[in-house]
Amino acid sequence: MSSRRSRSRQSSGSSRITDDQINDLVSKLQQLLPEIRDRRSDKVSSAKVLQETCNYIRSLNREVDDLSERLSELLANTDTAQAAIIRSLLTQ
């Protein structure tokens, strides 16, 4: 065990996260990631799951940015009444 890990275990006392809890959280993340979830192999390292999680979040952020930009263009190119309807739908 690394000295950093042992120090964190000593200093955090009863509020520390157990290895089982970490494994459970990594497993839950793995189920949410399309890249990993659809693979046949169940053996994926925790590091790989975390790396893919970061990649997936970045991808989702890019998609949100793209959709926001497309929506802005759509609203700019529609008449005022249609834009008002779209805005009201989005705020519900």
Side-chain angles (χ1 to χ4, degrees):
M1 178 172 8
S2 73
S3 61
R4 184 172 65 176
R5 182 181 257 182
S6 64
R7 276 195 308 265
S8 70
R9 285 185 178 182
Q10 292 168 355
S11 65
S12 61
S14 63
S15 65
R16 73 179 178 95
I17 298 176
T18 66
D19 289 345
D20 286 341
Q21 289 171 318
I22 291 172
N23 290 336
D24 184 50
L25 292 169
V26 169
S27 177
K28 288 177 181 177
L29 279 175
Q30 185 175 351
Q31 293 170 9
L32 295 171
L33 298 171
E35 269 302 305
I36 296 176
R37 180 185 61 220
D38 299 337
R39 289 185 187 166
R40 299 266 183 223
S41 171
D42 289 336
K43 290 287 186 180
V44 179
S45 71
S46 295
K48 181 68 172 173
V49 171
L50 293 174
Q51 181 181 31
E52 289 298 327
T53 299
C54 291
N55 292 340
Y56 188 55
I57 290 170
R58 283 188 201 102
S59 170
L60 290 173
N61 280 328
R62 282 192 301 270
E63 190 173 344
V64 166
D65 290 343
D66 180 52
L67 290 171
S68 295
E69 186 176 322
R70 289 170 55 191
L71 179 60
S72 294
E73 290 172 6
L74 175 68
L75 291 173
N77 293 324
T78 59
D79 66 46
T80 308
Q82 288 176 328
I85 292 170
I86 292 170
R87 283 189 184 96
S88 71
L89 291 171
L90 292 172
T91 57
Q92 292 180 358

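The analysis underlying the following values was restricted to heavy atoms, covering all of them including side chains, and did not include hydrogens, waters or symmetry mates. All figures in this text were calculated on a predicted structure; none of them were measured in a lab.
- Leu67 and Leu89 are assigned to two separate hydrophobic clusters, defined by single-linkage of ILVMFWY side chains at heavy-atom distances under 4.5 Å.
- A pairwise comparison of heavy atoms in Lys48 and Ile36 identifies O-CD1, 4.1 Å as the closest pair.
- Transitive grouping of hydrophobic side chains (ILVMFWY, heavy atoms separated by less than 4.5 Å) keeps Leu50 and Leu25 in distinct clusters.
- Between Leu75 and Thr78, the closest heavy-atom pair is O-OG1, 3.2 Å.
- For CD of Gln21, the number of neighbouring non-hydrogen atoms (other residues, nucleotides, ligands) closer than 6.0 Å is greater than 12.
- Atom-to-atom distance recorded for Leu74:CG and Gln82:CD is 8.5 Å, nearest 0.5 angstrom.
- Atoms CZ and CG, from Arg87 and Leu90 in turn, are 9.0 Å apart once rounded to the nearest 0.5 Å.
- No path of Ile, Leu, Val, Met, Phe, Trp and Tyr side chains, each step under 4.5 Å between heavy atoms, connects Val44 with Leu32, placing them in separate hydrophobic clusters.
- Looking at every heavy atom in both residues, Leu33 comes nearest to Thr53 through CD1-OG1, 3.3 Å.
- Considering every non-hydrogen atom in both Gln31 and Arg37, the closest pair reads O-CD, 3.1 Å.
- For the residue pair Arg58 / Asn61, no side-chain donor-acceptor distance below 3.5 Å is found, with atom types taken as modelled.
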Arg62/Asp66 under salt bridge (charged side-chain N to carboxylate O under 4.0 Å, His left out): CA gap, chis, key distance, verdict: CA-CA 6 Å; Arg62 282 192 301 270; Asp66 180 52; over 6 Å; no
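- In plain terms, the two heavy atoms of Asp79 and Ala81 that are nearest each other are OD1-N, 3.1 Å.
- Note: the hydrophobic cluster containing Ile17 also contains Val49 (ILVMFWY, side chain heavy atoms under 4.5 Å, direct or indirect links).
- Each of Val64 and Leu71 belongs to its own hydrophobic cluster when Ile, Leu, Val, Met, Phe, Trp and Tyr are linked at side-chain heavy-atom distances under 4.5 angstrom.
- Under 4.0 Å is where a charged nitrogen must lie from a carboxylate oxygen, and between Asp24 and Lys28 at least one such pair does.
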